[in-house]
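The next block holds one structure in the form of structure tokens; read it before the comments.
Since we're looking at a predicted model, the values are computed, not measured.
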Amino acid sequence: MTEQDPLRQAASRDTGKPSLTDTPASAERLDPALLKLAGIVLFGAVAALLDTTIISVALDQLGEAFTVPVSTVQWVSTAYLLAMALVIPLTGWCVDRFGAKTTWLSVLTLFLAGSVLCGTAWSAGSLIAFRVVQGLGAGMILPLTQVILAQAAGSRRFGRVMALTAVPGNLIPIVGPVLGGVILNGLSWRWIFLINVPVCLLAIVLA
């Protein structure tokens, strides 16, 4: 084996094209490094997905805590979703300008800051504003997860990686209300948001 063989294999993993030493099976196999990367970026995606549904079971408690009508407290969910939708088109530009890793760490940190602020909110207005901050970070986390994994997997393994990430993507929104109910039964509504803190910190440290 020549010294260029490892370089050819690395190029194969990046581009999705098999090297001279790759077999079709090895070119499409999800190696441990790729699985590790998928696990790390999915940590952030899980936190962002949870916050789309986990809040639904806490709206009544939020209304009672801040003494506001349902029409006001519903903006806690609406503001988050609108902020997410607002920043999704900016994802491609940010990746081209700053790189996928830097952008992912930045938006994950923004989401973490928004979660902490939501957990310390003192009024309905402050909580809605902080949910916008949280949503601005969450909106880029999900498409960035796909971009990072697509770049790492290459064309041959793209389908398998996307199938792998689709599992938590389908389960987490269902688990969110159940987890929210468990939290509210034993803890304050603030932990609906503060539960994101250890998840995001672990993802940042692993990254």
Side-chain angles (χ1 to χ4, degrees), residues 40-91 94 98 102-146 148 168-207:
I40 293 172
V41 296
L42 283 176
F43 261 106
V46 163
L49 284 170
L50 271 177
D51 269 46
T52 61
T53 56
I54 195 174
I55 191 65
S56 61
V57 297
L59 295 180
D60 289 340
Q61 287 198 17
L62 291 174
E64 295 175 1
F66 297 128
T67 318
V68 293
V70 175
S71 59
T72 298
V73 78
Q74 283 179 341
W75 276 98
V76 174
S77 295
T78 305
Y80 180 79
L81 296 175
L82 289 176
M84 287 182 67
L86 180 66
V87 298
I88 288 176
L90 299 176
T91 304
C94 290
F98 305 107
T102 300
T103 304
W104 188 79
L105 287 172
S106 299
V107 298
L108 187 60
T109 302
L110 180 62
F111 178 79
L112 171 60
S115 298
V116 173
L117 290 172
C118 287
T120 59
W122 57 88
S123 66
S126 64
L127 179 58
I128 292 170
F130 295 151
R131 281 286 278 178
V132 171
V133 176
Q134 195 183 34
L136 292 176
M140 283 195 187
I141 289 177
L142 301 179
L144 274 172
T145 297
Q146 295 181 337
I148 292 171
N170 291 327
L171 290 179
I172 293 302
I174 301 174
V175 173
V178 177
L179 179 60
V182 172
I183 292 174
L184 293 177
N185 282 334
L187 299 170
S188 165
W189 62 265
R190 298 182 185 275
W191 284 97
I192 290 286
F193 308 105
L194 296 178
I195 193 175
N196 294 322
V197 174
V199 177
C200 293
L201 287 177
L202 180 59
I204 291 172
V205 170
L206 291 176

Notebook entry, point to check: Is the closest side-chain heavy-atom distance between Leu112 and Val197 below 4.5 Å?
Noted result: yes
Check: Do Ile55 and Tyr80 touch side chain to side chain, with heavy atoms closer than 4.5 Å?
Finding: no
Item checked: Straight-line distance of Thr91 OG1 to Ile141 CD1, nearest 0.5 Å -> 10.5 Å
Note to self: For a quick test of reading the model, state the closest non-hydrogen atom pair linking Phe130 to Leu117 and the distance between them.
What the structure shows: CD1-O, 3.1 Å
Notebook entry, point to check: Judged by modelled atom types alone, do Ser56 and Thr53 share a side-chain donor-acceptor pair under 3.5 Å?
Noted result: no
Margin query: Keeping Arg131 on the side-chain end and Leu81 on the backbone end, is there a donor-acceptor pair under 3.5 Å?
Written below: no
Check: For the residue pair Gly63 and Val73, what are the closest heavy atoms and their distance?
Finding: N-CG2, 3.8 Å
Margin query: Within this structure, what is the OG1-CG distance for the pair Thr120 and Leu194, rounded to the nearest 0.5 Å?
Written below: 8.0 Å
Notebook entry, point to check: Would Thr145 and Leu42 count as a side chain to side chain contact (heavy atoms under 4.5 Å, CB included) if you check the C-alpha gap in whole Å, the side-chain angles of each, and the deciding distance to 0.1 Å?
Noted result: CA-CA 7 Å; Thr145 297; Leu42 283 176; 4.2 Å; yes
Next item on the list: In sequence, state the C-alpha distance, the side-chain angles, and the governing distance for Asp60 and Trp189, and then conclude on side chain to side chain contact (heavy atoms under 4.5 Å, CB included).
Entry: CA-CA 10 Å; Asp60 289 340; Trp189 62 265; over 6 Å; no
Check: So which heavy atom on Ile88 is nearest to which on Gly139, and how close?
Finding: CG1-O, 3.3 Å
Note to self: Just verifying a value: how many Å separate Leu142 CG and Met84 CE, rounded to the nearest 0.5 Å?
What the structure shows: 5.0 Å
Next item on the list: Grab the two heavy atoms, one from Val132 and one from Ala79, that are nearest each other, plus how far apart they are.
Entry: CG2-CB, 3.8 Å
Checklist line | Any Phe193 side-chain heavy atom under 4.5 Å of Ile183 side chain | finding: no
Next item on the list: Please round to the nearest 0.5 Å and tell me the distance separating atom CG of Leu49 and atom CD1 of Ile54.
Entry: 12.0 Å
Notebook entry, point to check: About how many Å separate CD1 of Ile204 and OG1 of Thr109, when rounded to the nearest 0.5 Å?
Noted result: 4.0 Å
Checklist line | Minimum heavy-atom distance between Val57 and Gly180, given as atom pair plus value | finding: CG2-C, 3.6 Å
Item checked: Pairwise side-chain contact, Leu62 with Ile192, heavy-atom cut-off 4.5 Å (strictly under) -> no
Check: Heavy-atom distance under 4.5 Å between the side chains of Leu187 and Ile195, does that happen here?
Finding: no
Notebook entry, point to check: Less than 4.5 Å apart, any side-chain heavy atom of Ser106 and any of Phe98?
Noted result: no
Next item on the list: Working to the nearest 0.5 Å, report the span between CG of Leu136 and CG of Leu86.
Entry: 6.5 Å
Next item on the list: Please report the shortest heavy-atom distance between Met140 and Cys94, naming the atom on each side.
Entry: CE-SG, 3.6 Å
